[in-house]
Amino acid sequence: MKTIKNFINGQWVPPSTGEYEESVSPAHVVEVVARYPMSGKADVDRAVEAARSAFPMWRDTPAPRRGEILFKAAEILRRRKEELGRLVTREMGKILPEGLGDVQEAIDMAYFMAGEGRRLQGETVPCELPNKDGKSIRVPWGVFALITPWNFPIAIPSWKIFASLICGNTVVFKPSSDSPLCAVRLVEILEEAGLPAGVLNLVTGSGESVGEALALHQDVQGISFTGSCAVGEALAVSAAKLHRPIAMEMGGKNAIMVMDDANLDLALEGVLWGAFGTTGQRCTASSRIIVHEKVHDLFVERLVKAANALRLGDGLDKGVDVGPLINRRALSKVLNYIRIGKDEGAHLHCGGAQAQAGALAEGYFVEPTVFSAVTPNMRIAQEEIFGPVVSVIKCDSYEEGVSIVNQSRFGLSAAIYTQNINYAARAERDLDTGLVYVNASTIGAEIQLPFGGFRHSGSGHPEAGGLMGALDFFSHIKVVYRDFSGKLQKAQIDVS
Ligand code: NAP
């Protein structure tokens, strides 16, 4: 078992509090993966000071040179992919192919952002006066507070860290308390890749103390947060008072429409993968399935059969489809929503309980659960459950289906299965979510395009992508005018 330290100013240091907590494997809760620091405000202060001091040097390091360090990090990540993927599975619980996919996203992001170091373009435009030119350039903000969840313990931190670093910011990173060892490994890789001291700092500890102290620290210039709506919205209020930019990626209640002309085999695969992949613990998980009445009964029958056939277990074991939930709190929350669904009158077809047979009793496993006869306003159709629970809602037309999808305070991801090109094209326009998939599940975003949700799912500053995505948030625009006429030239004045 590893005892973790914080990483401040290029050194691995114990917390000022001397306090530690344990990160356990959710598939076998007696297995302690790491002891991590329950840091305090003093640790946050030291980390922010290190990032503040390193900022001028990092800002003035040419972006292509910054990119070379990210390129090296990509190569190290690639070399250590198997080991890191296994750690993701052990510490967070997703099955190994998904653990490896988590690391692959970081690899892709590192290469992509390394290349962006040679771009980071602004614009040059003609000026209206002679002997004068004008351009816009991108400049970093300063110290960024990056606060991340546990469900993509390598990928999400890498999205934020690589994008902020390539733009020239320095970073203090506060990972989830459910995946601190993954965070340490990622930081070690950037250290090995040659990142100078102070540019990236890691402080672990609780969200209420470390996370809040960091986000509100006077020397932090920007915040990027991924997690629950409750925490994101509270941080946004504080950030507004501090005039500090904040990007938030939050919850979802993502929907798949299955039209009567859909290829049902394909739709079934997409629903199974979207609803039960990562044990339903993706912000983009498919939790509402809106099925045309003409194929509803057949589809539900096939879905239930397929859900019943999924194999639960330790994600490191071959042949396992669905891993555990992250912790006891998540287990209680999911079981509570199953009770709510039954009380609301939805029809429970399968699952509905904690799975405790044999070795499953050692972890936080819930049987894949399918409800039908769900109506759009039920709580199980409106609130984020974040577990292996799917609600099937019947619709009688394309129009009704779209209206059900959009009847949500969330707006992250939606999908339609149809073979009708007109429905597909209309859905691109009509589905009111940040991500729309046609004949694919609600999950599976690629890093070279922006990723973000509408309404309560996000702040409108997407992650990933290039200049239309994360880079626009992690840099700000400065406009420079240069007059080489040698005399006073007056712009914005009527000389006629
Ligand atoms: P969470 O409880 O909000 O925690 C997220 C992060 O915020 C953790 O590092 C947490 O630290 C920290 N935190 C908690 N309270 C804080 C506070 N008062 N001030 C500052 N930081 C604080 O969310 P989660 O349970 O880890 O993640 C699940 C949620 O994330 C779901 O709603 C999911 O939809 C969302 N999510 C969204 C996306 C997206 O891109 N839209 C992606 C993944 C997940 P501790 O761990 O120490 O509590």
Side-chain angles (χ1 to χ4, degrees), residues 21 23 26 36-41 44 91-92 94 102 105 145-160 172-180 182-183 202-217 220 223-239 246-254 278-287 325-331 333-334 383-387 408-413 433-435 442-443 445 447 450-465 469-470:
E21 282 284 347
S23 160
Y36 65 91
M38 287 302 278
S39 312
K41 182 158 183 328
V44 173
E91 191 169 45
M92 178 273 158
K94 63 176 70 171
D102 205 305
E105 273 196 41
L146 306 183
I147 302 176
T148 58
W150 44 267
N151 64 340
F152 282 83
I154 299 278
I156 291 179
S158 77
W159 287 21
K160 295 183 193 296
V172 181
F173 167 33
K174 188 329 241 170
S176 165
S177 299
D178 284 303
S179 54
C182 289
L202 168 78
V203 184
T204 66
S206 88
E208 290 80 14
S209 53
V210 172
E212 214 164 298
L214 172 61
L216 308 185
H217 196 286
V220 160
I223 308 164
S224 177
F225 167 83
T226 299
S228 60
C229 280
V231 174
E233 285 162 9
L235 287 178
V237 171
S238 306
I246 178 167
M248 301 175 298
E249 290 300 342
M250 300 177 292
K253 193 69 192 172
N254 314 290
T278 328
T279 322
Q281 300 174 110
R282 289 193 187 214
C283 50
T284 50
S286 323
S287 56
L325 291 168
I326 186 67
N327 55 32
R328 182 164 298 286
R329 208 172 54 248
L331 176 70
K333 180 180 168 195
V334 170
E383 296 173 20
E384 187 183 45
I385 299 174
F386 227 53
S408 168
R409 74 185 183 111
F410 296 110
L412 184 52
S413 184
T433 49
L435 302 162
T442 53
I443 63 183
I447 56 102
F451 177 96
F454 296 170
R455 302 190 292 289
H456 287 242
S457 291
S459 58
H461 300 291
E463 300 266 21

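Worth knowing before you read on, the calculation uses all heavy atoms, side chains too, and leaves out hydrogens, waters and symmetry mates. Predicted model, so just to flag it, every value in this text is computed and none were measured. Order of appearance sets the numbers: ligands from 1, and atoms from 1 within every ligand.
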Considering non-hydrogen atoms of the protein only, which is the closest contact for [atom], and what is the distance?
atom	answer
atom 9 (O) of ligand 1	Thr148 O, 2.8 Å
atom 28 (C) of ligand 1	Phe386 CE2, 3.7 Å
atom 25 (O) of ligand 1	Trp150 NE1, 3.3 Å
atom 41 (N) of ligand 1	Met250 O, 2.8 Å
atom 27 (O) of ligand 1	Pro149 CB, 3.6 Å
atom 23 (O) of ligand 1	Ser228 N, 3.3 Å
atom 31 (C) of ligand 1	Glu384 OE1, 3.5 Å
atom 10 (C) of ligand 1	Lys174 NZ, 3.9 Å

**Request:** Assess whether atom CZ of Arg409 is packed by more than 12 heavy atoms of other residues, nucleotides or ligands within 6.0 Å.
**Result:**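 Counting other residues, nucleotides and ligands, CZ of Arg409 exceeds 12 neighbours.
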
Let me check something: any side-chain donor-acceptor pairs from residues 145-154 under 3.5 Å, sequence neighbours excluded? List them with distances.
unit_1	atom_1	unit_2	atom_2	d
Asn151	ND2	Gln281	O	3.1

[X] contact mode with ligand 1 (heavy-atom cut-off under 4.0 Å):
X	answer
Thr226	both
Val210	neither
Asn151	side chain
Phe451	side chain
Arg282	neither

**Item:** ligand 1 contact by Pro175, heavy-atom criterion under 4.0 angstrom
**Value:**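 For ligand 1, residue contact (heavy atoms, under 4.0 Å) with Pro175 is present.
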
State whether a side-chain donor-acceptor pair under 3.5 Å links [X] with [Y].
X	Y	value
Lys160	Ser224	yes
Glu463	Thr226	yes
Glu91	Ser23	yes

**Prompt:** What is the minimum heavy-atom distance between Thr442 and Ser286, and which atoms define it?
**Reply:**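 Residues Thr442 and Ser286, closest heavy atoms: OG1-OG, 2.7 Å.
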
**Request:** Work out which heavy atom in Ser459 is nearest to a heavy atom in Ala247; give both atom names and the distance.
**Result:**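 Minimum heavy-atom separation between Ser459 and Ala247: OG-CA, 3.5 Å.
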
Look at [atom] and find which of [options] reaches it with the closest heavy atom.
atom	options	answer
atom 14 (C) of ligand 1	Gly205, Gly211, Gly207, Ala155	Gly207
atom 36 (N) of ligand 1	Cys283, Ala230, Gly251	Cys283
atom 35 (C) of ligand 1	Ala183, Pro153, Gly227	Gly227

Taking [X] for its side chain and [Y] for its backbone only, find out whether a donor-acceptor pair lies under 3.5 Å.
X	Y	result
Thr284	Ile443	no
Lys253	Glu384	no
Ser457	Gly251	yes

**Message:** Can you tell me how far apart CD (Glu249) and NE2 (His461) are? Round to the nearest 0.5 Å.
**Reply:**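 The NE2 atom of His461 is 10.0 Å from CD of Glu249, to the nearest 0.5 Å.
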
**Prompt:** Between atom OG of Ser176 and atom CE of Met92, what is the distance when rounded to the nearest 0.5 Å?
**Reply:**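 So the OG of Ser176 and the CE of Met92 are separated by 9.5 Å.
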
**Request:** Could you tell me which atoms of ligand 1, counted from 1 in the order shown, lie closer than 4.0 angstrom to a heavy atom of Ile156?
**Result:**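 Taking each heavy atom of Ile156 in turn, ligand 1 has 42 (C), 43 (C) under 4.0 Å.
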
**Asked** Quick check: does Ser206 get an N/O under 3.5 Å from an N/O on ligand 1?
**Response**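 The answer is no, given that Ser206 and ligand 1 share no N or O pair closer than 3.5 Å.
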
**Item:** N/O separation below 3.5 Å, Ser177 to ligand 1
**Value:**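 In this structure, Ser177 places an N or O atom under 3.5 Å from an N or O of ligand 1.
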
